[in-house]
Number of protein chains: 2
Amino acid sequence: MVCHFTNAVMPMSSSSKGDLRTFVRIDFPDKERLGPGKMQLLEHIRATGSISAAGRAMDMSYRRAWLLVSALNTMFATQVVDSQRGGKQGGGAVVTEFGEELLRRYHAMQQRVDTALTSDFEWLNSNRRHS
Amino acid sequence: MVCHFTNAVMPMSSSSKGDLRTFVRIDFPDKERLGPGKMQLLEHIRATGSISAAGRAMDMSYRRAWLLVSALNTMFATQVVDSQRGGKQGGGAVVTEFGEELLRRYHAMQQRVDTALTSDFEWLNSNRRHS
DNA sequence: TGGCGTTATATCCTTAAGAATATAAATCCA
DNA sequence: TGGATTTATATTCTTAAGGATATAACGCCA
């Protein structure tokens with residue numbers, strides 16, 4: 001499994017120190033990854049009740065959004081997003097309770113990394129070639 | 001800046017918990033990244049005194065190895081690898097003192113992440129679809 | 001001087017990721 | 001019944017990353 005902690009300018013919940021922002025990315029042993037993209041998409045799905053609307057909100061093709069959701073659903077033993085087609089609005093998608101827990105976990109990991117690596121990020125930032 | 005903590009089967013110094021191994025990857029605001037690939041290459045350069053030998057040891061094309069070293073040298077204010085061509089062995093490369101400190105920092109970050117995210121990795125591992 | 005091994009590049013090719021597009025399929029509602 | 005909207009999926013195209021290859025440049029040494 002692989003886990004990335006990203007520190008960049010991104011419109012995601014993250015704590016900043018100086019001009020740095022951090023977020024988490026995790027890669028599983030095979031090739032599947034779990035990062036801010038899928039988590040943000042998950043939040044948009046929760047907000048809109050639709051994969052396509054969430055994709056549009058992130059300026060992402062529906063195909064890609066659907067692939068991300070599909071990956072999420074296949075990489076965990078429990079369903080992360082439930083979707084249905086047809087019906088009044090043509091269909092929709094909801095984040096499962098497991099998906100909600102995954103989001104909470106993800107944010108908690110973010111917090112833990114922020115605090116654990118504060119000094120490292122400061123060192124990296126002060127030693128990196130700015131601009 | 002982006003930081004990845006990767007947990008996968010890889011021949012790198014990393015602590016394992018269960019069948020998981022973690023390592024760190026960092027992405028800077030632009031597009032430059034710092035992860036196990038460059039760090040491992042750095043260790044091979046230290047061991048062999050040569051970019052090409054380090055690349056061969058990692059089964060990596062010289063072009064790629066050189067690009068990674070070039071990226072390392074341009075993303076930090078201080079040189080990470082010093083190289084020279086010509087001479088007895090045809091040339092060579094050495095990891096600078098800053099490069100050594102970078103390696104130490106990287107390993108320290110690995111340690112910190114390992115301890116900070118133990119419970120999260122356990123949760124992810126127990127909830128992921130195995131196989 | 002010429003050979004050797006390495007750094008330093010450029011050029012071309014292959015491949016994988018994602019965008020664009022198209023089309024079923026489902027289900028409600030007018 | 002047909003339209004509207006979304007899920008689900010296939011197909012084609014574009015683009016970016018890396019591999020393969022070639023070639024200078026460099027400086028020791030035989």
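Naming convention: chains lettered A, B, ... in sequence-line order (proteins, then strands); numbering from 1 in each chain. Just so you know, these numbers use all the heavy atoms, side chains as well, and skip hydrogens, waters and symmetry mates.
Nearest-nucleotide positions on DNA chain C for A:Asp59 and B:Gln89 put B:Gln89 closer to the 5' end. Remark on DNA chain C: of its neighbouring residues A:Met60 and A:Lys88, the 5'-side contact belongs to A:Met60, judged by nearest-heavy-atom nucleotide.
With rounding to the nearest 0.5 Å, the separation of CE in B:Met58 from CD in B:Glu43 is 9.5 Å.
Side-chain polar atoms of B:Thr48 and B:Ser50 form no donor-acceptor pair below 3.5 angstrom.
At a threshold of 4.5 Å between non-hydrogen side-chain atoms, the residues A:Pro36 and A:Gln110 do not count as touching.
Residues B:Met75 and B:Arg33 share a closest heavy-atom pair of CE-O, 3.7 Å. In this structure, A:Thr115 and A:Arg112 approach most closely via the heavy-atom pair OG1-O, 2.9 Å. Residues A:Asp82 and A:Gln79 come closest through the heavy atom pair OD1-CG, 3.2 Å.
Taking atom NZ of residue A:Lys38 and atom C1' of nucleotide C:dG18, one finds them 13 Å apart after rounding to whole Å. Between the CZ atom of B:Arg56 and the P atom of C:dG5 there is a distance of 10 Å, rounded to whole Å.
Tracing side-chain contacts under 4.5 Å through hydrophobic residues (I, L, V, M, F, W, Y), one never reaches A:Val94 starting from A:Phe76; they form parts of separate clusters.
A heavy-atom distance below 4.0 Å to DNA chain C is reached by none of the residues of residues 92-102 of chain A. Only B:Ser83, B:Gln84, B:Arg85, B:Gly86, listed by number, bring a heavy atom of residues 72-87 of chain B to less than 4.0 angstrom from any atom of DNA chain C.
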Could you go step by step and tell me if A:Leu72 and A:Met39 meet the side-chain contact (heavy atoms from CB on, under 4.5 Å) rule?
-> CA-CA 10 Å; A:Leu72 274 172; A:Met39 292 298 99; 4.2 Å; yes
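Of the side-chain N and O atoms in B:Ser50, one or more sit less than 4.0 angstrom from OP1 or OP2 of C:dT7. Listed pair B:Trp66 / C:dA8 meets the phosphate criterion, a side-chain N or O lying under 4.0 Å from OP1 or OP2.
Remark: the backbone N or O of B:Tyr62 is not paired with any side-chain donor or acceptor of B:Ser52 at under 3.5 angstrom. The main-chain N or O of B:Val80 is found under 3.5 Å from a side-chain atom of B:Asn73 such that the two form a donor-acceptor pair. A donor-acceptor distance shorter than 3.5 angstrom exists from the side chain of A:His130 to the backbone of A:Arg128, with no hydrogens or angles considered.
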Give every pair of a protein N or O atom and an N or O atom of nucleotides 20-22 of chain C that lie under 3.5 Å apart, one pair per line with the distance.
{"residue": "C:dA20", "atom": "N6", "partner": "A:Arg63", "partner atom": "NE", "Å": "3.3"}

Show me the side-chain donor-acceptor pairs of residues 97-104 of chain A shorter than 3.5 Å, one per line, residues at least two apart or across chains.
{"residue": "A:Glu97", "atom": "OE2", "partner": "A:Arg104", "partner atom": "NH2", "Å": "3.2"}
{"residue": "A:Glu100", "atom": "OE1", "partner": "A:Arg46", "partner atom": "NH1", "Å": "2.7"}
{"residue": "A:Glu101", "atom": "OE2", "partner": "B:Trp123", "partner atom": "NE1", "Å": "3.4"}

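For the side-chain contact (heavy atoms from CB on, under 4.5 Å) test, residues two or more places apart in sequence or in another chain that qualify with A:Ala93 are A:Ile45, A:Ile51, A:Val81, A:Ser83.
Interface limits on DNA chain D: the 5'-most and 3'-most nucleotides within less than 4.0 Å of chain B heavy atoms are D:dG18 to D:dC29.
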